[in-house]
Protein chains: 2
Amino acid sequence: MGRCRGNAWWQGRFRGCGYRVTAGREIILDALTKTDKHLSAEDIYLSVKKACPGIGLATVYRTLEILVEMGLVLKFDFGDGRARYELAESPDKRANHHHHLICTSCKRVIDYTDFIEDEVELLRKTEKGLSAKYNFDIKNHVIQFYGICEKCRRK
Amino acid sequence: MGRCRGNAWWQGRFRGCGYRVTAGREIILDALTKTDKHLSAEDIYLSVKKACPGIGLATVYRTLEILVEMGLVLKFDFGDGRARYELAESPDKRANHHHHLICTSCKRVIDYTDFIEDEVELLRKTEKGLSAKYNFDIKNHVIQFYGICEKCRRK
DNA sequence: CCCTTATTGATAATGGTTCTCATTATCAAT
DNA sequence: ATTGATAATGAGAACCATTATCAATAAGGG
């Protein structure tokens with residue numbers, strides 16, 4: 001995995017948190033970096049298995065847990081019984097801030113970035129107010145709209 | 001259950017959707033009406049069992065599924081492995097619109113209503129825009145802030 | 001190179017949720 | 001009030017995403 005120059009920044013963060021840098025962790029983070037889809041743990045497992053056949057599903061779960069805890073990855077629930085993971089914003093990958101539009105009928109998810117500027121502005125204010133009032137250290141937020149998508153509406 | 005005069009409105013909605021009104025459904029909706037907590041299916045099961053000992057857990061799940069689908073109840077995931085349910089706004093119970101502040105460490109949830117006016121205003125606009133652009137029929141939304149609560153920070 | 005210890009893979013266990021099916025209850029039509 | 005079609009129920013098994021276990025392995029400081 002010598003080709004991963006751009007990964008130095010998170011390797012430092014890993015070691016800074018007392019975690020070791022392993023091939024499995026590198027390749028899992030790689031898989032998340034190379035997609036804009038909402039992958040489940042199993043999606044990631046299958047994807048990673050191609051380059052690293054020996055990897056186990058438990059390692060994927062364990063790594064994801066760490067990544068979420070470190071704030072590198074966001075974990076979502078779209079209501080289909082399994083968690084989904086997405087790379088959070090990073091030095092490598094900026095301006096990907098978005099929210100989700102979820103069809104409760106077919107579970108399809110649309111990422112939208114429209115109106116994000118206004119939302120972000122309001123959320124910043126809200127976050128600040130809430131942090132102060134409740135003494136909460138806010139790390140991130142989730143906004144999701146639920147409804148019925150175009151296809152499902154036509155039925 | 002003759003005392004439940006105020007429930008006439010949802011009984012009509014039930015039948016309008018082709019569902020039958022049963023004692024179990026009444027008492028489950030009752031339990032949700034009488035609390036402002038975030039109950040899990042099992043919480044509701046145990047609570048309802050007191051007044052209706054014969055009720056089964058599966059019935060609770062089935063009823064909740066219907067209530068969520070009808071939009072009477074909202075289903076949340078706070079990251080502790082079980083779904084939580086809350087009565088949505090209703091003719092009986094207005095002005096309870098709120099969002100959640102979730103501690104990722106101890107899973108404590110704080111309801112907040114601060115800044116709700118601004119949020120609601122922005123969301124209304126966003127919702128409108130998204131509906132038009134993606135041809136989505138938006139039913140509701142979720143806003144959640146994740147972070148570390150006061151108690152957990154002190155450790 | 002060694003030693004401590006975190007990490008791993010395989011697999012069993014867990015636990016929330018859903019499914020199955022025979023029985024019961026609802027309610028529109030009679 | 002009675003009936004009949006069928007939706008709803010309770011008990012428990014099944015399902016399946018996620019976690020825990022544990023012996024073997026690998027990371028990385030010394």
Side-chain angles (χ1 to χ4, degrees), chain A residues 1-2 4 7-8 10-29 38-46 48-49 51-70 73 75-85 104 107, chain B residues 1-2 4 7-8 10-29 38-46 48-49 51-70 73 75-85 104 107:
Chain A
M1 285 286 127
C4 301
N7 289 336
W10 64 257
Q11 294 195 3
R13 254 184 93 172
F14 248 88
R15 280 192 265 259
C17 291
Y19 295 121
R20 293 178 181 174
V21 173
T22 69
R25 287 171 182 180
E26 269 188 292
I27 205 168
I28 288 168
L29 201 39
H38 320 100
L39 302 178
S40 67
E42 197 179 0
D43 290 337
I44 294 167
Y45 171 62
L46 293 174
V48 156
K49 221 173 164 52
C52 186
I55 202 163
L57 181 56
T59 297
V60 173
Y61 275 105
R62 281 183 293 231
T63 301
L64 287 170
E65 189 183 1
I66 290 174
L67 291 171
V68 168
E69 186 228 299
M70 288 176 64
V73 166
K75 183 178 182 179
F76 294 97
D77 168 46
F78 295 149
D80 64 345
R82 71 196 59 197
R84 305 288 176 153
Y85 300 86
T104 52
K107 310 298 180 191
Chain B
M1 287 286 127
C4 304
N7 288 337
W10 63 257
Q11 295 195 2
R13 253 184 93 173
F14 248 87
R15 280 192 264 260
C17 291
Y19 296 120
R20 294 176 181 175
V21 173
T22 68
R25 288 172 180 179
E26 269 187 295
I27 206 168
I28 288 169
L29 201 39
H38 319 101
L39 301 178
S40 67
E42 198 179 0
D43 289 338
I44 294 167
Y45 171 63
L46 293 175
V48 156
K49 221 173 164 51
C52 186
I55 202 163
L57 181 54
T59 296
V60 174
Y61 275 104
R62 282 183 294 231
T63 301
L64 287 171
E65 189 183 359
I66 290 174
L67 292 171
V68 168
E69 187 228 298
M70 288 177 63
V73 166
K75 181 179 182 178
F76 293 97
D77 168 45
F78 295 149
D80 65 345
R82 71 197 59 195
R84 305 288 176 152
Y85 301 85
T104 52
K107 311 297 180 192

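Below, all heavy atoms of this structure are taken into account, side chains as well, without hydrogens, waters or symmetry copies. In the text below, chain A, chain B and the rest are named by the order of the sequence lines, each starting its count at 1.
The distance from atom CD1 of B:I28 to atom CD1 of B:I66, rounded to the nearest 0.5 Å, is 9.5 Å. Between B:S40 atom OG and B:L64 atom CG the span is 9.5 Å, to the nearest 0.5 Å. Taken to the nearest 0.5 Å, the NZ atom of B:K75 stands 12.0 Å off from the CG atom of B:L67. The distance from the CD atom of A:E42 to the CZ atom of A:R82 is 6.5 Å, given to the nearest 0.5 Å.
Spacing between atom CD of B:E65 and atom C1' of D:dT9 amounts to 15 Å, rounded to whole angstrom units. Distance CG (B:L57) to P (D:dA11): 11 Å, rounded to an integer number of Å. A:Y19 places its OH atom 17 Å from the C1' atom of D:dG28, with the value rounded to the nearest Å. In this structure, CD1 of B:I55 is placed 14 Å from P of D:dA8, rounded to the nearest angstrom. Here D:dG10 presents its C1' atom at 16 Å from CD1 of B:I27, a figure rounded to the nearest Å. Distance B:I66 CD1 to D:dT9 C1': 12 Å, rounded to the nearest Å. The OH atom of A:Y61 sits 13 Å away from the P atom of D:dC16 (whole-angstrom rounding). Rounded to whole Å, atom C1' of D:dT25 lies 14 Å from atom CZ of A:R25.
Across all non-hydrogen atoms, the minimal contact from A:I55 to A:K49 is O-NZ, 3.5 Å. Between B:C52 and B:I27, the closest heavy-atom pair is CB-CD1, 3.9 Å.
Across all strands shown, B:R82 has heavy atoms under 4.0 Å from sugar-phosphate atoms exclusively, and none from any base. A:G54 comes within 4.0 angstrom of sugar-phosphate atoms only, judged by non-hydrogen atoms across all strands, and of no base.
Along DNA chain D, the nucleotide nearest B:V60 and the nucleotide nearest A:E42 are compared for position; the residue whose nucleotide lies closer to the 5' end is B:V60. Sequence order on DNA chain C of the closest nucleotides to A:G18 and B:G81 puts A:G18 first from the 5' end.
A perpendicular orientation is assigned to the rings of B:W10 and B:F14, their planes being inclined by more than 60° (bins at 30° and 60°).
Remark on the helix from C:dC1-D:dG30 to C:dT30-D:dA1: inter-end axis angle 50°, axes from five-pair C1' superpositions, rounded to 10°.
Contact annotation: B:T59 side-chain N/O to D:dA8 OP1/OP2 distance is not under 4.0 Å.
For A:R84 (side chain) and A:H38 (main-chain N/O), a donor-acceptor pair under 3.5 Å exists by modelled atom type. Looking at A:R25, its side chain never comes within 3.5 Å of a backbone N or O of A:Q11 through a donor-acceptor pair.
Nucleotides of DNA chain C lying under 4.0 Å from heavy atoms of chain B occupy a range whose first and last members, 5' to 3', are C:dG16 to C:dC27.
B:R62 contributes a side-chain N or O that forms a donor-acceptor pair with the base of D:dG10 under 3.5 Å.
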